[in-house]
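One structure below.
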There are 2 protein chains.
Amino acid sequence: MSTPLAHIVDDDEAIRDALTWLFRTKEVASAEWDSAEEFLAAWQPDWRGCIVLDIRMREMSGLECFDVLQERGNTLPVIFLTGHGDVPMAVSALKKGAFDFLEKPFEDNALVDVVIRALANDAKRQASQATQVSVTNHLALLTPREQEVMNLVLAGKFNKVIADELNISMRTVEVHRARVFEKMGVRSAVELAQLLAPSRDKGSGSSGEH
Amino acid sequence: MSTPLAHIVDDDEAIRDALTWLFRTKEVASAEWDSAEEFLAAWQPDWRGCIVLDIRMREMSGLECFDVLQERGNTLPVIFLTGHGDVPMAVSALKKGAFDFLEKPFEDNALVDVVIRALANDAKRQASQATQVSVTNHLALLTPREQEVMNLVLAGKFNKVIADELNISMRTVEVHRARVFEKMGVRSAVELAQLLAPSRDKGSGSSGEH
DNA sequence: GGCTCAATTGTGGTCATCCGCAGTGTGGAA
DNA sequence: TTCCACACTGCGGATGACCACAATTGAGCC
């Protein structure tokens, strides 16, 4: 598990140093990358924190870097910095999920505020996703038959009906049911339903709404 | 129930007419408003569709109008049009929840595409919220005591325990419990938990994440 | 061939839920 | 005052859920 870092991606060393210094004075841990390529090569999906991304860089631009990150399933908030951004660029970036878009020159405090909000945002997202992952792991412990029974239990059916649908005895259903509760760490069907309710999507898996 | 309309809010009659004509050729129903004030005076929370909002107008600006709408709980997607927008303005609008931000001059087709996406977006949001509203309405039918019992049932507690906590008899709990199921249109605690799971927020009620 | 694990089933009993029947008390609306 | 919604209660029975004890079968593994 990595500590949350504000990743500064900029090919201008003077700016990187200034930002690093700025963040350090505000007690925000940061890391420096002098190109999008270098950053992308190092990037890991389990990194925490946020990304401060300059748009104009010598090789790959910040926008291209952002696209690659999104394809790879990045969840870190991305804050764009730009010297001469135009409106369509900013709109496009935000609609694609960027966290913020700042034009130079910006106030130091403004950037720090945004970064701190981004870090908080990521921490919250991370926390809410942790329980989700835990649930998925527990779910993986269930045998196929147990999952089958669990789904029917969650459909609100009686053991008798479940037994009938699966062509097994009621007693067997009871055993599976008990094992499901045990493995999932709950004590009743109600708790199970609440545990699984937020993670039960049957629709499309697309993330953006634009 | 109102039909979905693209509300054009602009004090320039020539532009309104052009947009109305444009939308009509694309079979998008629209309405015209020649000032933010007039639109706000007419606005109703149950309107469906989207809002095409010019930023620079004689009296109240589009941005101010947007703020008022957000305060009133507007859910319609808002598409900003502007002649000379700057990046901070666009970023601020989008972060506050605007659907899109277009600079003039824009392609007719680009605007129509955005409007159509906005209409689809609203329709989807509307549909998913309809069931939510239904649940809330059913919830409102419950007497205070019934809601109390329901919450304890959802906490996975036995009737016996609930009776104890409320200092009433088990039989009374059973009666309330049965009424809850009846009024909510479910047949078991599991169904109730699933029905209410997505709408159970205990945290802050803020809408934006920025 | 033993070993483990998943899946299966039965018996008998305890506890919880659900429900009909029957009744009391209170406060507000007609 | 009469009527009604709400909350409350007891009894007894039917049904469902849960559990300890006990056991069989088949698949995969050392």
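A note on names: the letters A, B, ... follow the listed sequences, proteins ahead of strands, and every chain is numbered from 1.
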- Between D:dA27 (P) and A:R145 (CZ): distance, integer Å: 15 Å
- Item | Member of A:W43, A:W47, A:F23 meeting the ring-ring contact (aromatic ring centres under 6.0 Å, His included) criterion with A:H7 | A:W47
- Message: In this structure, how many angstroms lie between the C1' atom of D:dC8 and the CG atom of B:N167, rounded?
- Response: 13 Å
- Query: Roughly how far, to the nearest 0.5 Å, is the CG atom of B:D122 from the OG1 atom of B:T75?
  - Reply: 6.0 Å
- Message: So if I define the base as every atom that isn't primed, P, OP1 or OP2, how would nucleotides 10-21 of chain D read as a B/S/- string at a heavy-atom cutoff under 4.0 Å?
- Response: BB----SSBBBB
- Note on the structure: Taken to the nearest whole Å, CE/A:M150 to C1'/C:dA6 is 17 Å
- Item | Atom-to-atom span, CD of B:E182 to P of C:dT17 - whole angstrom | 19 Å
- Phosphate oxygens OP1/OP2 of D:dC6: is one of them under 4.0 Å from a side-chain N or O of B:H176? no
- Query: So does A:Q147 have more than 12 non-hydrogen atoms from other groups sitting under 6.0 Å from CD?
  - Reply: yes
- Rounded to whole Å, CD of A:Q147 lies from P of C:dA6 at a distance of 13 Å
- Item | Between P of C:dA6 and CD of A:E146, the distance in whole Å | 7 Å
- Query: Do other residues, nucleotides or ligands put more than 12 heavy atoms under 6.0 Å from the CZ atom of B:R24?
  - Reply: no
- Message: Distance check needed: C:dA6 C1' versus A:R179 CZ, whole Å only.
- Response: 9 Å
- Item | More than 12 heavy atoms of other groups within 6.0 Å of A:R56 CZ | no
- Base, sugar-phosphate, or nothing for A:T143, non-hydrogen atoms under 4.0 angstrom? sugar-phosphate
- Query: Do other residues, nucleotides or ligands put more than 12 heavy atoms under 6.0 Å from A:R179 CZ?
  - Reply: no
